[in-house]
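Take a look at the structure set out below.
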Amino acid sequence: MNKYEEVITSTSGMIYMIINRYFKGYDKEDLYQVGVIGVIKAYNNYKKDHNTKFSTYAYKYIYGEMYNLIYKNSDLKITKDTLKLYKSIIKTYQLLTQKNNK
């Protein structure tokens with residue numbers, strides 16, 4: 001086993017966890033492949049003298065690669081600020097619905 005295979009094998013559970021948490025409804029195999037690319041990028045940039053575990057460091061790389069895949073394949077381009085506002089509106093709507101029982 002080479003160095004990349006060991007890291008990919010040890011982080012595959014985290015890759016699938018990110019897919020299931022944030023990217024439901026998208027092709028899992030495509031997301032897994034770009035997640036592996038994120039792991040490799042994280043491995044190449046990680047320095048052992050960091051005060052963080054590798055899994056914590058790699059999380060952002062994995063999520064970022066998956067997000068970029070979804071964003072690039074989307075027909076409708078939305079800025080991050082607009083998406084953040086939309087999520088805030090949905091969250092507020094859900095809270096008010098629960099509070100008012102409607």
Side-chain angles (χ1 to χ4, degrees):
M1 233 187 220
N2 68 29
K3 61 183 179 179
Y4 292 122
E5 289 175 354
E6 292 176 29
V7 174
I8 291 167
T9 302
S10 66
T11 57
S12 65
M14 182 172 60
I15 294 172
Y16 280 114
M17 185 269 305
I18 294 171
I19 291 169
N20 292 330
R21 181 176 290 170
Y22 299 109
F23 300 103
K24 292 179 182 173
Y26 294 100
D27 184 24
K28 285 187 178 187
E29 285 305 311
D30 288 344
L31 289 169
Y32 182 81
Q33 292 300 320
V34 295
V36 169
I37 292 170
V39 169
I40 293 170
K41 286 182 180 180
Y43 182 80
N44 289 335
N45 293 322
Y46 183 72
K47 294 180 180 38
K48 293 191 188 251
D49 59 343
H50 283 273
N51 291 331
T52 59
K53 295 186 334 185
F54 176 74
S55 59
T56 304
Y57 185 79
Y59 190 94
K60 290 184 180 181
Y61 280 87
I62 296 166
Y63 178 86
E65 289 296 322
M66 291 178 187
Y67 178 84
N68 287 338
L69 174 73
I70 300 302
Y71 184 75
K72 288 178 182 176
N73 289 335
S74 175
D75 293 334
L76 180 64
K77 304 295 183 199
I78 300 173
T79 64
K80 289 182 181 180
D81 291 335
T82 305
L83 186 59
K84 186 176 177 181
L85 178 62
Y86 173 74
K87 288 180 180 180
S88 177
I89 290 169
I90 294 299
K91 185 176 179 179
T92 304
Y93 174 79
Q94 291 171 343
L95 288 172
L96 287 171
T97 302
Q98 288 177 351
K99 183 178 178 181
N100 296 324
N101 295 323
K102 293 182 180 181

Exercise. Would you check if E65 and V39 make a side-chain contact, meaning some heavy-atom pair closer than 4.5 Å?
Key: no
Quiz item: Looking at side-chain heavy atoms only, is the closest gap between L31 and I15 below 4.5 Å?
Solution: no
Exercise. Measure the shortest side-chain to side-chain distance between I8 and I40 over non-hydrogen atoms and say whether it is less than 4.5 angstrom.
Key: yes
Exercise. Mind telling me whether Y4 and Y43 have parallel, tilted or perpendicular rings, with 30° and 60° as the class edges?
Key: perpendicular
Exercise. Would you check if the side chain of S88 reaches a backbone N or O of K84 as a donor-acceptor pair within less than 3.5 Å?
Key: no
Quiz item: Is it true that Y32 and F23 have ring centroids separated by less than 6.0 Å?
Solution: no
Quiz item: Is T52 close to Y46 at the side-chain level, that is, under 4.5 Å between some pair of heavy atoms?
Solution: yes
Quiz item: So, do M17 and Y59 sit near enough that their side-chain heavy atoms are less than 4.5 Å apart?
Solution: yes
Quiz item: How about Y16: does its OH atom have over 12 heavy atoms from other parts shown lying under 6.0 Å from it?
Solution: yes
Practice problem: List the atom of A58, the atom of M14, and the distance in Å for their closest heavy-atom pair. | Solution: CB-CE, 4.2 Å
Quiz prompt | Spatial distance of atom CG (L96) from atom CD (Q98) [nearest 0.5 Å] | solution = 10.0 Å
Quiz item: With under 30° as parallel and over 60° as perpendicular, where do the rings of Y57 and F54 fit, or are they tilted in between?
Solution: tilted
Quiz item: Rounded to the nearest 0.5 Å, how far apart are CG of L85 and CD1 of I90?
Solution: 10.0 Å
